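What follows is one structure encoded as structure tokens, with my remarks underneath.
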Amino acid sequence: METVKKRLLTGNKAMAEAIRLEMERDERVFVMGEDVGAYGGIFGSTQGLFEKFGTKRVLDTPISETAFIGAAVGAAAEGMRPVAELMFVDFFGVCMDQIYNHMAKITYMSGGSVKLPMVLMTAVGGGYNDAAQHSQTLYATFAHLPGLKVVAPSTPYDLKGMMISAIRDDNPVLFMFHKSLQGLGWMDQIDAAVGHVPEEPYTVPLDKAKVIREGKDITIVSIQMMTHHALEAASRLAEQGIEAEVIDLRSLAPLDKRTIIDSVSKTHRLLVVDEDYLSYGMTAEVSASVCEEAFYELECPIGRLAVPDVPIPYSRPLEKFILPCTEKIVNKVLEIMKE
Amino acid sequence: METVKKRLLTGNKAMAEAIRLEMERDERVFVMGEDVGAYGGIFGSTQGLFEKFGTKRVLDTPISETAFIGAAVGAAAEGMRPVAELMFVDFFGVCMDQIYNHMAKITYMSGGSVKLPMVLMTAVGGGYNDAAQHSQTLYATFAHLPGLKVVAPSTPYDLKGMMISAIRDDNPVLFMFHKSLQGLGWMDQIDAAVGHVPEEPYTVPLDKAKVIREGKDITIVSIQMMTHHALEAASRLAEQGIEAEVIDLRSLAPLDKRTIIDSVSKTHRLLVVDEDYLSYGMTAEVSASVCEEAFYELECPIGRLAVPDVPIPYSRPLEKFILPCTEKIVNKVLEIMKE
Amino acid sequence: MSVPVEKLKWMYATMCKIRYYEESMVEAYAEGKKPVFNIGSGSVPGEMHLSNGQEPAAVGICAHLTDEDTVTAPHRPHHHAIAKGVDLNKMTSEIFGKATGLGKGKGGHMHLFDPRVKFSCGGIVAAGIPHAVGAALAAKMNDRDWVAVAFIGEGATNAGAFHESLNLAALWKLPLIVVIEDNSYGISVAKKDSTAVPHNDLRATAYNIEGALVKDNDPIEMYRVSQEAVKRARNGEGPTIIEIETYRFLGHFQGDPELYRDKDEVPRLQEKDPILRLKKVLLEKEISEDELTSMESSVKSEVDEAYRFARESAYPDPEDALRDVFV
Amino acid sequence: MSVPVEKLKWMYATMCKIRYYEESMVEAYAEGKKPVFNIGSGSVPGEMHLSNGQEPAAVGICAHLTDEDTVTAPHRPHHHAIAKGVDLNKMTSEIFGKATGLGKGKGGHMHLFDPRVKFSCGGIVAAGIPHAVGAALAAKMNDRDWVAVAFIGEGATNAGAFHESLNLAALWKLPLIVVIEDNSYGISVAKKDSTAVPHNDLRATAYNIEGALVKDNDPIEMYRVSQEAVKRARNGEGPTIIEIETYRFLGHFQGDPELYRDKDEVPRLQEKDPILRLKKVLLEKEISEDELTSMESSVKSEVDEAYRFARESAYPDPEDALRDVFV
Ligand SMILES: Cc1ncc(C[n+]2csc(CCOP(=O)(O)OP(=O)(O)O)c2C)c(N)n1
Ligand SMILES: Cc1ncc(C[n+]2csc(CCOP(=O)(O)OP(=O)(O)O)c2C)c(N)n1
Ligand SMILES: [Mg+2]
Ligand SMILES: [Mg+2]
């Protein structure tokens with residue numbers, strides 16, 4: 001019965017559908033970026049939009065991220081609702097000024113008199129040997145700086161719902177999508193990249209983490225690709241009688257501390273798993289927040305698993321070694337349970 | 001007696017002296033940046049160098065941070081030892097690609113075959129109402145990304161010694177100096193901006209935190225301007241019988257966890273104070289590191305004091321409200337001692 | 001093509017308003033900074049970049065703009081703001097850091113936003129150009145004949161954002177005009193030491209667009225050249241680069257020792273004060289001394305009122321610092 | 001000015017080497033990616049940008065360079081690397097992710113560094129230009145007549161780094177040459193949709209430097225134009241922009257569906273294959289078929305040897321991932 005109702009979509013189709021629906025609903029919404037037109041976005045995030053809306057509302061740009069992201073800021077200030085794409089988050093360095101000094105700060109500097117209803121979407125993640133300049137997530141790089149809502153959905157359902165929320169939000173949203181979860185034909189085919197997506201428009205909040213598996217022994221906080229590894233790890237651990245509760249953070253800023261603390265208050269143990277660099281990263285913020293607000297709930301040290309502060313290496317065995325994965329999560333949990 | 005031996009210099013003179021000594025010692029060292037020539041650097045970091053070495057080794061650049069910082073990378077790859085200045089750290093957004101994707105990663109991507117002996121120095125800090133785009137420290141923004149040594153000295157002695165170490169280091173170093181600690185005539189005159197600086201060249205390690213006041217009751221980890229507030233707070237607390245140990249981090253990457261943990265193992269209480277944004281910042285990394293490696297030494301939650309995730313506001317009462325200061329440190333410590 | 005006398009009067013009055021506004025700011029900024037100058041103290045703390053001498057660039061083009069046209073300005077924004085019709089009380093109040101300011105005291109002198117007249121500015125060199133491109137794009141998408149003007153200094157022409165923005169605007173034939181105020185310096189660096197071309201109108205070739213050079217800080221020539229550029233923009237004929245040779249009578253910022261230029265440079269420039277030159281033109285056109293004097297005094301009282309409003313306004317509550325990060 | 005026949009032979013042999021190298025890479029890259037293409041699987045994972053058809057740009061200028069001259073290349077770097085004389089074994093090994101590679105397997109195809117011949121490349125569009133500026137600056141500071149060549153695609157000319165770098169190099173009269181390979185596309189975006197000028201040599205005006213256009217992928221014309229540019233650079237006469245119209249026979253990267261261009265475009269380009277055209281020239285110059293054939297086979301065996309070396313080399317130890325962040 002249930003299966004009959006399922007409407008399976010890949011992550012990128014879910015995203016593109018969300019954008020299409022909002023473009024149909026609100027003519028102020030438009031898309032711009034590199035290869036978002038005929039190509040449909042290198043990672044398929046704008047598939048079919050060009051065919052439907054044409055060159056007036058789906059704009060291929062030159063390789064000028066500062067100009068077109070800054071133009072999105074300027075257009076948003078005029079009441080438009082741009083959805084701009086930074087092809088890989090790794091390229092942020094050529095346009096970060098527009099992102100963090102303008103897109104993120106203008107509302108505040110103007111005392112709230114200027115609003116910037118815009119979305120900057122960008123592809124993150126490694127695992128396919130694209131090396132040091134095309135494999136990063138950089139979650140904390142954006143979450144650290146005030147003025148942006150920073151989200152990183154991990155399922156087709158959330159990709160659609162959070163994209164609709166992001167486009168409708170009157171604040172700038174940095175929307176990070178994971179390449180491996182787009183369901184691209186030319187990438188590793190993983191189940192997590194496909195999921196049920198209702199046809200109609202719906203929203204998913206931009207500020208709520210989600211418990212995606214309940215458990216009583218330990219809490220695993222993770223995000224995007226890592227949540228799927230965490231789920232696998234949890235089922236493996238279950239075979240050994242360890243019930244791990246898995247939280248999909250979904251939003252990096254604001255950080256939903258409540259959901260994390262409620263879980264830790266139940267499990268009294270915590271492992272934080274991240275695909276970003278370890279130091280000064282998401283694992284640090286989650287750990288420090290719990291330590292500050294739920295210290296007495298903790299039975300043992302908080303575990304952290306992330307990229308060990310090296311650039312992402314190219315060669316397969318090297319990249320495998322530095323990326324967190326199911327097996328590493330399992331081992332780390334077993335360590336923590338020994339405490 | 002002691003005082004007789006003192007040679008008092010301001011922070012900027014100490015820095016400029018370090019660069020001068022290295023330029024005399026090694027002809028491969030040169031300086032470039034905006035207004036580093038006749039002007040001597042907006043914050044005096046290159047004072048007197050232009051007069052001594054002329055246009056061949058002290059280069060004023062156009063407002064082209066990507067080009068000249070990238071050129072420093074290219075020159076360093078050829079064996080030169082550039083000292084480039086990014087006038088305010090707040091401008092990093094226009095040149096971050098060269099900093100984090102190239103300056104920081106080339107040695108790794110080349111398997112160690114290319115070394116980049118260069119220093120990028122930049123001014124940080126607020127407190128003089130220069131508003132959202134000229135008052136940040138952004139410590140964690142750089143410390144989070146692998147491949148750079150990131151230092152932030154807080155005394156004239158360390159400014160000179162760490163600058164000499166940075167120039168002699170065969171790796172790229174991001175050298176952050178605090179405007180308020182430069183001893184500039186047009187800024188607030190604070191004692192901490194002047195200190196004893198030996199005339200001869202000397203080095204201070206780039207990877208060691210320093211206990212600058214001993215105490216048994218609580219550890220205060222802080223950096224740059226905040227260490228001076230922490231010291232003041234410590235003496236005020238002493239009047240109330242609380243002996244705080246104050247640590248000057250000095251280096252953000254690598255982070256000297258040993259010194260922090262040794263102190264916490266003695267005091268069992270910790271407050272971390274930062275002038276950067278709170279979330280995903282230095283306070284989080286220090287807290288998480290301690291929680292991971294010295295959890296059982298902790299008697300109570302770790303306190304964090306930093307800028308509360310808002311852009312730096314212009315108006316005096318607003319900026320005062322969001323910047324940590326002596327009084328806030330004292331109160332936070334008293335809170336923690338109550339635990 | 002002769003300039004309507006009403007426009008000449010408006011330009012004159014506005015230049016006087018700007019000049020008097022900046023002269024008043026020199027004093028306000030100095031308050032509480034004596035005997036020792038401390039950038040963080042006094043009625044108006046922080047950096048202060050004034051525009052005395054650069055009035056022609058602002059009035060010459062703003063004379064052709066309406067409230068629907070967009071202006072983005074750099075770190076030296078007062079003349080543009082005043083010429084564009086930004087609320088003078090709220091602007092001054094913002095610079096004094098008061099709750100009644102444009103940004104409730106959060107932005108300050110480099111971050112003035114007045115959506116009513118589509119004015120904004122910022123502290124990052126060249127960063128305002130892309131914003132103007134976006135405004136021009138919005139106008140085009142909505143089939144309006146609105147234009148967007150980005151003011152920058154000559155030093156900003158060597159920033160990547162300048163190039164990317166002009167290529168994009170030219171490519172999409174957007175109604176963008178980039179006005180380059182060549183005041184000879186980027187802080188202490190002379191134009192010849194920062195820019196590979198003698199004049200930036202030459203750079204129009206790199207984008208296949210129109211470029212114009214206004215010599216010697218001439219407001220009337222600026223008016224004429226701007227009229228053409230605005231007309232082209234409104235007609236969908238794409239962007240224009242206008243460079244104007246102008247004068248920076250004061251330091252880069254207040255407190256600048258100015259060791260990098262000869263002591264007699266400014267006096268020489270002041271002999272060619274564009275306000276006095278325009279005044280002469282008006283007198284030749286039989287505008288009476290009296291009329292000009294009354295214009296001068298009326299703009300002065302407007303400025304005085306703005307400073308009074310700012311001084312009498314209250315500071316924001318400290319806790320307000322935590323508001324307005326998001327709407 | 002006629003081209004020495006030895007140079008013509010070198011260009012021909014090198015173009016053949018590059019072409020055969022890339023053809024071999026097409027196969028190597030496909031290994032382990034069938035029946036379903038998966039970018040992360042096979043002998044050579046990750047993105048792969050090949051240069052088939054773009055050989056003239058690389059050989060035409062590298063014919064004038066020595067090991068002391070610097071070359072920086074973009075994400076599509078094999079032809080430049082080979083023309084500059086990068087160690088073919090170590091380069092191939094790097095692309096295969098082996099421990100014997102230039103970067104011990106850490107860099108991969110977009111990040112090849114061979115300090116011996118001063119070659120580097122990277123995956124960020126236009127980011128290599130500033131590095132070449134730095135190399136040129138170092139040469140000038142050390143009074144050497146070394147030059148630096150930055151190769152980029154036509155799409156990269158709209159990035160801010162292009163503008164900032166050329167202004168700086170022109171201002172300081174540095175021995176920099178920027179070679180723009182116009183293969184008509186930036187991924188899927190045609191040049192006319194990204195660039196406001198028909199040809200980027202026009203942009204030389206914006207920096208007051210020399211610009212040259214090489215039409216129709218002609219290696220001999222590229223050689224001539226480059227000779228002039230390199231001469232000027234060595235003589236301290238400053239930078240040059242050279243744009244060459246070239247052909248991209250393959251997709252942007254391997255696996256590109258290429259829905260954005262007509263199916264008959266590539267066949268039409270292949271009819272003008274620059275290698276065949278140069279071969280004709282050599283035959284006209286009475287170079288025998290035999291000599292050319294033996295040249296072809298010798299470069300092929302060199303390439304085969306490089307692939308053999310790469311395949312037989314071992315992968316790095318996983319723990320090696322933690323080394324080399326710092327020297
Ligand atoms: C990206 C960036 N780099 C450097 C600065 C520091 N800075 C502020 S104004 C200025 C000089 C600008 O010169 P110009 O564009 O000629 O404007 P002017 O000050 O002469 O009006 C500089 C270098 C900045 N604000 N932003
Ligand atoms: C700053 C930056 N933006 C975008 C990209 C993604 N990207 C890689 S190659 C490319 C197209 C480059 O086109 P062109 O410069 O013409 O070189 P070609 O691929 O044609 O050789 C793009 C957009 C990137 N690598 N870096
Ligand atoms: Mg100027
Ligand atoms: Mg191309």
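Throughout, protein chains are lettered first and strands after them, A, B, ... in sequence-line order, and every chain is numbered starting at 1. Keep in mind that what you see is a predicted model, and the values were worked out from it rather than measured.
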Given side chains that start at C-beta, do those of [X] and [Y] come closer than 4.5 Å, heavy atoms only?
X	Y	value
A/Trp186	D/Asn38	no
D/His111	A/Tyr314	no
A/Asp60	D/Asp193	no
A/Gln133	D/His75	no
D/Pro45	A/Arg316	yes
D/Ile187	A/Met87	yes

Please classify the contact between [X] and chain D as side chain, backbone, both or neither, with a heavy-atom cut-off of under 4.5 Å.
X	result
A/Ile322	side chain
A/Ile42	side chain
A/Thr66	neither

Query raised in the report: Relative to chain A, which segment of D/Val189 carries a heavy atom at a distance below 4.5 Å: side chain, backbone, both, or neither?
Result: both

Query raised in the report: Does any heavy atom of chain A fall under 4.5 Å from the side chain of D/Lys104, the backbone, both, or neither of them?
Result: backbone

Query raised in the report: Using a distance-only test with no angle check, is there a side-chain donor-acceptor pair under 3.5 angstrom linking A/Ser64 and D/Asn158?
Result: no

**Report entry** Option that, when pairs with chain A are counted at under 4.5 Å, heavy atom only, ranks first among D/Pro257, D/Ala159, D/Gly186, D/Gly107
**Finding:** D/Gly107

**Report entry** Backbone N/O of A/Pro62 and side chain of D/Ser194: donor-acceptor pair under 3.5 Å
**Finding:** no

